[in-house]
Amino acid sequence: FVKRELSFREIFAPLWKPLFSAGLMLIVCTPIAKSLSPSILHTALLVGAGVLVYGLSILLLRDALAFDLLQKMKSKLLKKR
């Protein structure tokens with residue numbers, strides 16, 4: 001019953017963009033993490049680099065959810081002015 005209703009492709013096909021972005025973030029951030037000593041500043045730097053890499057890759061891949069969220073944020077910001 002469930003196999004006919006839900007297909008593997010329908011569930012996991014939309015996930016390739018976030019998974020690719022997460023893998024790219026891992027590849028970029030791992031060498032950075034290994035080269036830095038443990039400290040709060042270095043952790044903040046690593047988090048910032050991860051957010052930047054993930055966000056840019058999601059935008060470059062034109063993820064529909066990301067563009068929808070950006071449109072909502074833009075409309076809220078313009079509405080407050």
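Bear in mind that the values here come from a model prediction, so they are computed numbers and not experimental data. What's counted below: heavy atoms across the whole structure, side chains too, no hydrogens, waters or symmetry copies.
Every residue was checked against the side-chain hydrogen bond (donor to acceptor under 3.5 Å, both in side chains) condition with S75, not counting sequence neighbours, and none meets it. Partners of K74 according to the salt bridge (Lys or Arg N to Asp or Glu O under 4.0 Å) rule, which considers only residues two or more places apart in sequence or in another chain, do not exist here.
The other members of the hydrophobic cluster of L46, by chain and number, are L24, M25, V28, I32, L36, L45, V53, Y54, I58 (side-chain heavy atoms under 4.5 Å, ILVMFWY only). Taking a 4.5 Å side-chain heavy-atom cut-off between Ile, Leu, Val, Met, Phe, Trp and Tyr, the cluster of L52 extends to L56. Side-chain heavy-atom separations under 4.5 angstrom define the hydrophobic clusters, and L41 shares its cluster with no other residue.
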Mind listing the side-chain donor-acceptor pairs of residues 13-23 below 3.5 Å, one per line with the distance, residues two or more places apart or on another chain?
| unit_1 | atom_1 | unit_2 | atom_2 | d |
| --- | --- | --- | --- | --- |
| K17 | NZ | L61 | O | 3.2 |
| K17 | NZ | R62 | O | 3.4 |
| S21 | OG | K17 | O | 3.0 |
| S21 | OG | S57 | OG | 2.9 |

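Here the straight-line distance linking atom NE2 of H42 with atom OG of S35 works out to 8.5 Å at 0.5 Å rounding.
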